[in-house]
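In what follows, chains are A, B, ... by sequence order, proteins preceding strands, each numbered from 1.
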Amino acid sequence: MSRAALLVLADGRFPAGGHAHSGGAEAAVKAGRITGADSLESFCRGRLHTAGLVSSALAASAVLGVDPRLLDEAADARTPSPALRTAARKLGRQLMRAARASWPSTELDALAREFPKGAHQPVVLGLAARAAGLEAVDAAYCAAYESVSGPSSATVRLLSLDPFDATGVLARLSPELDRIADRALEAARRVADEGVDALPSASAPLLEIGAEAHAAWPVRLFAS
Amino acid sequence: MTAPGAGVRATARLVARDDGRGGTALPVLESDGPLALRRTRGSGTEARVMLVGAMSGPLGGDHFTVEADIREGARLRLGSAAATIALPGQTKGEARYDVRLTVADDGELHWLPEQLISAGGSDLYVTTRIDLGATSRLVLREEQVLGRAGEEPGRLSSRLVLRVAGRTVLDQELACGPGAPGGWDGPAVLAGHRAVGQLLVVRPEFADKPVTAQMLGESATVVPLAGPAALVTAVAPDALLLRRVLDEALATLSA
């Protein structure tokens, strides 16, 4: 394997469409719940421990060879908001294109055939990591990091927040990212033995509610 | 009920079945210690039961279980006489409250208990597992209130799992209060709201005609799940405002 493939996969410039999504930050900014670096950090921390943990465990499970169809169903059950299910599948489809071009694999081909409208993004991310020869822990980190890097860079655009402040938020969250990746990996190992019920299902009511409010706006900067 | 030093263990059970005369019989209605089940006057084909807390709690170390089995064609409505208050116990450690509901085909369950209040210093883990058949119907309400008036909440974790015809349609966990994972009171999760609730409605006809996702005011939403179910999620400053939103949502869904 090449560990450097992780840098390619996690790079914000990897053409997987993530830059068009704010991870709920746009709705939170509009509602006045994110107003600066401190509230951005609190938002990102909450997202990391909920949606981030779930995504991280899904991605790690896919690397360990858990049936992606079961993981996709489990992701649906953990995503009550249809706006968020749609966003996750769109992101999954875009990531699929970039991943198949980067690391051709029969497993990615099969998943693309099975989900022409896209599978949930973390499931695709896990299979992409697997195709790139990466390990479950790498996919766990990648998914956990994406759960906070998206809202952070979106907030720079939404609030004209100083990019140094936004990066500082990500740096301060690093120790918690380590813990989330550990927990996700531990859960993924249990999933491999016990099935998808062992996946975490941590939820964030305001992310769900905000996503539906956001989807109903006539004009918005980000897709989700 | 058993009460070893570690806390109270109690399991209440009920079974509802079609009585063959257009009504619902309750062949099993077992209270246990702090969990008392009382049959009240029903209406039409529906049986009604009240869950009456006969002691305070759950307290740290307690483990309560309520099991309801709604057999084919039976109809049951459950309410509770008062809010459940999680309190700190004399023994260290978390309390557990497990609810297991099964509804067979053509059965219908309305599970509408009063709020769960997480008092300061308490530590409670609530799990609600619901197994439905393909043609079962359900209305379930869950309301969590963080702290009594003006009080810091205890730690409260809750998990809600819905299976329809063996397939998991919803699996959701929420953790809040001191010691919960970071950000629980921040802008992504609760943002200072002290009441959070859900209304889960399952009907076979939702498979072909799902509800339309929409906002219910500023801080609540009704959405179609990936299955024959609708979920209302609401946060509110307090229990009263939360109940108002959920009542309105239920009226809309029932119209």
Side-chain angles (χ1 to χ4, degrees), chain A residues 23-25 27-29 31-35 38-54 70 72-86 147 151 173 176 179-180 183 196-197 199-213 215-216, chain B residues 127 129 142 144 157-164 166-176 180-193 195-198 200 210-227 229-236 242 245:
Chain A
V29 165
R33 293 196 293 267
I34 298 180
T35 53
D38 287 347
S39 45
L40 171 64
E41 182 170 336
S42 178
F43 177 91
C44 287
R45 181 170 285 116
R47 189 163 195 256
L48 175 64
H49 284 280
T50 54
L53 173 64
V54 174
L70 297 178
D72 192 78
E73 248 183 54
D76 260 352
R78 286 160 177 75
T79 317
S81 156
L84 291 180
R85 290 198 297 273
T86 302
S147 76
L173 286 171
E176 279 171 81
R179 287 203 293 278
I180 289 295
R183 281 186 59 196
V196 293
D197 281 352
L199 284 164
S201 55
S203 67
L206 283 173
L207 286 181
E208 301 284 336
I209 295 165
E212 290 303 319
Chain B
T127 308
R129 290 183 184 277
E142 258 195 8
Q144 286 142 11
S157 307
S158 61
R159 187 168 186 185
L160 176 60
V161 181
L162 167 71
R163 268 180 245 278
V164 179
R167 184 166 156 259
T168 305
V169 172
L170 178 69
D171 190 336
Q172 239 190 353
E173 201 165 4
L174 180 65
C176 37
W184 69 268
D185 204 20
V189 188
L190 290 179
H193 292 90
V196 53
Q198 290 177 309
L200 181 57
V211 295
T212 306
Q214 58 173 307
M215 294 298 291
L216 306 166
E218 300 256 299
S219 54
T221 175
V222 56
V223 294
L225 298 179
L231 180 72
V232 177
T233 302
V235 296
L242 177 68
V245 174

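- Of the possible polar contacts, none joining the B:Thr221 side chain to the B:Met215 backbone as a donor-acceptor pair under 3.5 Å is found.
- Using a 4.5 Å cut-off between heavy atoms, A:Ala216 makes no contact with chain B at all.
- Residue contact with chain A, scored on non-hydrogen atoms closer than 4.5 Å, involves the backbone and the side chain of B:Leu190 alike.
- Residue B:Ala191 touches chain A through both its backbone and its side chain, counting heavy-atom pairs closer than 4.5 Å.
- With chain A as partner, the option from B:Leu216, B:Val196, B:Leu225 having the largest number of non-hydrogen pairs under 4.5 angstrom is B:Leu225.
- Counting all heavy atoms, side chain and backbone alike, B:Val245 lies closest to B:Ala234 at CG1-CB, 4.0 Å.
- Among A:Glu208, A:Glu176, A:Glu73, the residue making the largest number of heavy-atom pairs under 4.5 Å with chain B is A:Glu73.
- Of the listed residues B:Gly192, B:Ala175, B:Ser219, B:Gly227, the one with more heavy-atom pairs under 4.5 angstrom with chain A than any other is B:Ser219.
- Between B:Leu174 and A:Pro205 the shortest side-chain heavy-atom distance falls below 4.5 Å.
- For A:Arg179, no part sits under 4.5 Å from any heavy atom of chain B, backbone or side chain.
- At least one donor-acceptor pair closer than 3.5 Å links the side chain of A:Arg78 to the backbone N or O of A:Ala74.
- Neither the backbone nor the side chain of B:Ala229 comes within less than 4.5 Å of any heavy atom of chain A.
- For B:Ala180, no part sits under 4.5 Å from any heavy atom of chain A, backbone or side chain.
- Both the backbone and the side chain of B:Val235 come within less than 4.5 Å of a heavy atom of chain A.
- Side chain of A:Glu212 to main chain of A:Ala83: a donor-acceptor pair is present (N/O by atom type, distance under 3.5 Å, no hydrogens or angles).
- Of the listed residues A:Ser201, A:Gly46, A:Ala202, the one with more heavy-atom pairs under 4.5 angstrom with chain B than any other is A:Ser201.
- Interface remark: of the candidates A:Ser203, A:Ala27, A:Ala204, A:Ser203 forms the most heavy-atom pairs closer than 4.5 Å to chain B.
- The part of A:Leu199 that comes within reach of chain B is its backbone (N, CA, C, O), which places non-hydrogen atoms under 4.5 angstrom from that chain.
- Of the candidates B:Asp171, B:Val161, B:Leu162, B:Val161 is the only one forming a side chain to side chain contact (heavy atoms under 4.5 Å, CB included) with B:Arg129.
- Between the side chains of B:Gln144 and B:Ser158, a donor-acceptor pair is found at a separation under 3.5 Å.
- In this structure, B:Thr168 contributes its side chain and B:Arg163 its backbone to no donor-acceptor pair below 3.5 Å.
- Residue B:Ser157: no heavy atom, backbone or side chain, is found under 4.5 Å from chain A.
- Heavy atoms closer than 4.5 Å to chain A are found nowhere in B:Gln198, neither backbone nor side chain.
- Under a 3.5 Å cut-off, the side chain of B:Arg159 and the backbone N or O of B:Gln172 do not form any donor-acceptor pair.
- No donor-acceptor distance shorter than 3.5 angstrom exists from the side chain of A:Arg85 to the backbone of A:Asp76, with no hydrogens or angles considered.
- Most heavy-atom pairs under 4.5 Å with chain B, from the set A:Ala213, A:Gly210, A:Ala28, A:Ala25: that is A:Ala213.
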